[in-house]
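In what follows, a single structure is set out as structure tokens and then discussed.
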Amino acid sequence: MAIAKKKICVVTGSRAEYGLLYWVMKEIDQDPSLELQLIVTGMHLAPQFGLTYRTIEEDGFSIDAKVDMLLSSDTPVGIGKSIGLGVIGCADALERLRPDVLLVLGDRYEVLAAAQAALVARIPIAHIAGGDTTEGAFDEGIRHSITKMSHLHFVTNAEAARRVRQLGENPQYIFNVGSPGLDFIRRMTLMDRAALEQSLDFRLREKNLLVTFHPVTLETQSVSVQFGAVLAALDSLGDEFGIVFTKPNSDTDGSLIVALIDDFVARRPHAKAYTSLGQIRYLSLMAQVDVVVGNSSSGLYEAPSFGKPVVNIGDRQKGRLQAASTFNCGVTEPEIVSALKAALAADCSDVENPYGDGKSAGRICDVLRQLVDPQSLLKKHFFGLDDGHA
């Protein structure tokens with residue numbers, strides 16, 4: 001009699017998160033003892049973010065459920081209502097799919113919605129990239145909340161493992177696997193410069209910058225003022241620099257940044273913006289530019305693997321583990337200009353990436369494969385720091 005496959009349901013709600021999950025999903029899909037289920041939600045289903053669910057399908061994955069949750073409003077009220085819609089939609093999807101484990105990554109509100117639905121449905125949750133800290137955004141609270149709802153913890157570094165342990169989680173179920181985003185870099189074939197330019201319909205200059213700036217959701221200063229300083233600093237470099245923007249996620253006030261980007265590139269032929277580059281074009285571009293600029297986690301996770309300096313602006317990533325190639329600065333034009341100059345003069349070719357070796361997906365799949373009784377994980381004991389465990 002054949003042994004039933006364990007059903008692992010992956011949830012993805014944004015292009016960046018999907019890129020990190022890609023090889024984890026591939027490993028699960030190819031494992032004879034596991035069955036991949038896929039719930040797609042959030043930005044993937046929204047026209048203004050490029051309908052990126054089509055990319056997922058083009059990559060060969062079957063989507064088991066689409067949960068439409070995004071409202072057109074990116075106000076705090078709109079985001080709150082979107083979370084509620086996500087809980088409702090994910091509850092329906094999970095009731096139909098009945099997975100053995102729900103696998104989620106990161107700290108976005110789409111993932112929070114899925115985790116809440118799974119928790120009350122008594123579905124064990126495996127969480128990738130818990131234990132990090134980012135003090136400038138409400139993602140911090142979401143990430144730690146998902147950790148407390150989760151039963152398996154796939155962290156990206158030793159410090160994150162220590163924090164998850166500090167939150168009272170069972171050390172037996174905390175696994176330091178590294179960042180799965182590095183698996184893509186290790187396994188992919190980069191586009192060369194000519195092919196990339198043709199695909200982007202944009203001519204790279206002698207010096208180039210890749211810019212991604214997301215709203216900092218816990219700041220009192222307006223996003224328009226913050227991003228205005230970023231654009232002023234970039235403009236001061238002159239038109240000999242090629243500037244490529246990737247537009248922000250569906251966070252509070254993200255539409256304000258999109259409008260400012262569109263206005264900036266409309267009047268500058270040396271700059272261009274993209275709603276979604278896809279993982280291969282994005283990482284190929286990262287390999288070609290001279291500096292990665294902004295406040296995206298990709299600057300800390302992936303850029304060191306390419307030996308690229310990163311200008312990390314403001315507090316959005318404050319507290320997250322950083323490579324020596326990171327140049328931190330405040331959100332004023334003089335500070336950003338100073339950091340850009342320092343980064344452009346730096347040689348970061350020998351920098352070590354602190355997020356692992358690009359073999360995370362296999363480690364995650366190994367744990368899921370060896371899991372005998374997922375339901376036994378549901379009743380959790382709080383492991384205090386004085387319980388005698390490291």
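For clarity, every value in this text was computed on a predicted model and none was experimentally measured. Quick note: residue numbers are just sequence positions, from 1.
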Quiz prompt | Leu103 side, atom CG; Thr12 side, atom OG1 - distance, nearest 0.5 Å | solution = 10.5 Å
Quiz item: For the side chain of Gln37 and the backbone of Leu97, is there at least one donor-acceptor N/O pair under 3.5 Å apart?
Solution: yes
Self-check item: Other residues, nucleotides, ligands: >12 heavy atoms within 6.0 Å of Gln198 CD
Solution: no
Quiz item: What is the minimum heavy-atom distance between Pro180 and Leu105, and which atoms define it?
Solution: CG-CD1, 4.0 Å
Quiz item: Is the side chain of Tyr355 donor-acceptor paired with the backbone N or O of Ser305 at a distance under 3.5 Å, no angle test?
Solution: no
Quiz item: Are Ile185 and Met25 grouped together when hydrophobic residues (ILVMFWY) are joined by side-chain heavy atoms under 4.5 angstrom apart?
Solution: yes
Exercise. Could you pull out the closest heavy-atom pair between Leu102 and Ala114, with the gap in Å?
Key: CD2-O, 3.7 Å
Quiz item: If you round to the nearest 0.5 Å, how far is CD of Glu17 from CZ of Arg108?
Solution: 8.0 Å
Self-check item: Derivation and outcome, side chain to side chain contact (heavy atoms under 4.5 Å, CB included), residues Leu152 and Leu368
Solution: CA-CA 9 Å; Leu152 297 173; Leu368 295 173; 4.2 Å; yes
Practice problem: Flag the pair Pro215 / Asp74 as yes when at least one side-chain heavy-atom distance between them is below 4.5 Å, and no otherwise. | Solution: no
Self-check item: Over all atoms of both residues, closest heavy-atom pair of Val101 and Ala126
Solution: CG1-CB, 3.9 Å
Quiz item: Quick check: does any side chain N or O of Arg281 sit under 3.5 Å from a backbone N or O of Met191, one acting as donor and the other as acceptor?
Solution: no
Self-check item: Donor-acceptor under 3.5 Å (Asp107 side chain, Ile142 main chain)
Solution: no
Quiz item: So, do Leu204 and Leu285 sit near enough that their side-chain heavy atoms are less than 4.5 Å apart?
Solution: yes
Quiz prompt | Set of salt bridge (charged side-chain N to carboxylate O under 4.0 Å, His left out) partners for Glu302, sequence neighbours left out | solution = none
Quiz prompt | Heavy-atom donor-acceptor pair, Ser360 side chain to Val177 backbone, under 3.5 Å | solution = yes
Exercise. Decide whether Leu112 and Leu71 are clustered together by the hydrophobic rule: side chain heavy atoms of Ile, Leu, Val, Met, Phe, Trp, Tyr closer than 4.5 Å, transitively.
Key: yes
Practice problem: Could you tell me whether a side-chain N or O of Lys148 sits under 3.5 Å from a main-chain N or O of Leu167, the two making a donor and an acceptor? | Solution: yes
Exercise. May I have all residue pairs that pass side chain to side chain donor-acceptor pair (under 3.5 Å) and include part of residues 325-343, sequence neighbours excluded?
Key: Asn312-Asn328, Gln322-Asn328, Thr332-Glu335
Practice problem: Establish whether Val265 and Leu237 are linked, either directly or via other cluster members, by ILVMFWY side-chain heavy-atom contacts under 4.5 Å. | Solution: yes
Practice problem: Would you name the heavy atoms of Ile261 and Pro248 that are closest together and state the gap between them? | Solution: CD1-CD, 4.3 Å
Quiz item: Hey, does Pro304 have a side-chain heavy atom less than 4.5 Å from the side chain of Glu352?
Solution: no
Quiz item: Are any of the side-chain heavy atoms of Arg165 and Leu385 separated by less than 4.5 Å?
Solution: yes
Quiz item: Taking the six-membered ring where the residue is Trp, are the ring centres of Phe213 and Phe245 under 6.0 Å apart?
Solution: no
Quiz item: Under a single-linkage definition using a 4.5 Å side-chain heavy-atom cutoff for Ile, Leu, Val, Met, Phe, Trp and Tyr, are Leu20 and Leu300 assigned to the same hydrophobic cluster?
Solution: no
Quiz item: Are Leu21 and Ile128 close enough that some pair of their side-chain heavy atoms sits under 4.5 Å apart?
Solution: yes
Practice problem: Check the pair Ile336 / Ile313 against side chain to side chain contact (heavy atoms under 4.5 Å, CB included), numbers first and verdict last. | Solution: CA-CA 7 Å; Ile336 299 168; Ile313 302 171; 4.2 Å; yes
Self-check item: Asp350, CG: over 12 other non-hydrogen atoms inside 6.0 angstrom
Solution: no
Quiz item: Among Asn157, Thr133, Asp132, Thr156, which one satisfies side chain to side chain donor-acceptor pair (under 3.5 Å) with Arg320?
Solution: Asp132
Quiz prompt | Atom of Ala93, atom of Val67 and distance for their closest heavy-atom approach | solution = CB-CG2, 4.4 Å
Quiz prompt | Greater than 12 external heavy atoms within 6.0 Å of Lys26's NZ | solution = yes
Exercise. Taking atom CZ of Arg98 as the centre, report whether more than 12 heavy atoms of other residues, nucleotides or ligands fall under 6.0 Å from it.
Key: no
Exercise. Identify, with sequence neighbours excluded, every residue that meets ring-ring contact (aromatic ring centres under 6.0 Å, His included) alongside Phe175.
Key: Phe154
Quiz item: Okay, side chain of His270, backbone of Gly242: is any donor-acceptor separation there less than 3.5 Å?
Solution: no
Quiz item: Roughly how far apart are Thr246 OG1 and Tyr274 OH, rounded to 0.5 Å?
Solution: 11.0 Å
Self-check item: CZ-CG distance between Arg187 and Leu182, expressed to the nearest 0.5 angstrom
Solution: 12.0 Å
Practice problem: Could you tell me which non-hydrogen atom of Leu321 sits nearest to which non-hydrogen atom of Pro354, and how far apart they are? | Solution: CD2-CB, 3.6 Å
Exercise. Might you work through the side chain to side chain contact (heavy atoms under 4.5 Å, CB included) test for Lys272 and Asp201, ending with a clear yes or no?
Key: CA-CA 9 Å; Lys272 195 159 183 176; Asp201 189 26; 3.7 Å; yes
Quiz item: Is the Phe184 ring parallel, tilted or perpendicular to the Tyr22 ring (thresholds 30°, 60°)?
Solution: tilted
Self-check item: Any side-chain heavy-atom pair of Leu378 and His151 under 4.5 Å
Solution: yes
Quiz prompt | Lys/Arg-Asp/Glu bridge criterion (N-O < 4.0 Å) met for Arg162, Glu159 | solution = yes
Quiz prompt | Test item: Asp92 side-chain N/O and Gly89 main-chain N/O as donor-acceptor pair under 3.5 Å | solution = no
Quiz item: Taking the side chain from His127 and the backbone from His153, do they hold a donor-acceptor pair closer than 3.5 Å?
Solution: no
Quiz item: With no hydrogens and no angle check, is any side-chain donor or acceptor of Lys308 less than 3.5 Å from a backbone partner on Val289?
Solution: yes
Quiz item: With a cut-off of 6.0 Å (strictly less than), are more than 12 heavy atoms of other residues, nucleotides or ligands near CD of Glu240?
Solution: yes
Quiz item: Any side-chain donor-acceptor pair under 3.5 Å between Arg143 and Thr134?
Solution: yes
Quiz item: Are Tyr282 and Ser298 close enough that a side-chain donor and a side-chain acceptor fall under 3.5 Å?
Solution: yes
Exercise. Evaluate whether atom CG of Leu85 has more than 12 neighbouring non-hydrogen atoms of other residues, nucleotides or ligands under 6.0 angstrom away.
Key: yes
Quiz prompt | Atom NZ of Lys207: over 12 foreign heavy atoms under 6.0 Å | solution = no
Quiz item: Roughly how far, to the nearest 0.5 Å, is OG of Ser150 from CD of Glu169?
Solution: 7.5 Å
Quiz item: Would you call Asp357-Arg363 a salt bridge at under 4.0 Å N-O?
Solution: yes
Quiz prompt | Residues, nucleotides or ligands: over 12 heavy atoms within 6.0 Å of Arg96 CZ | solution = yes
Self-check item: Spacing of CG belonging to Leu277 relative to CG belonging to Leu283, to within rounding of 0.5 Å
Solution: 10.0 Å
Self-check item: Heavy-atom side-chain proximity of Thr55 to Gln279 below 4.5 angstrom
Solution: no
Quiz item: Would a hydrophobic clustering, with Ile, Leu, Val, Met, Phe, Trp and Tyr connected at side-chain separations under 4.5 Å, put Ile83 with Val11?
Solution: yes
Practice problem: Report yes if the side chains of Met43 and Tyr18 come closer than 4.5 Å at any heavy-atom pair, otherwise no. | Solution: no
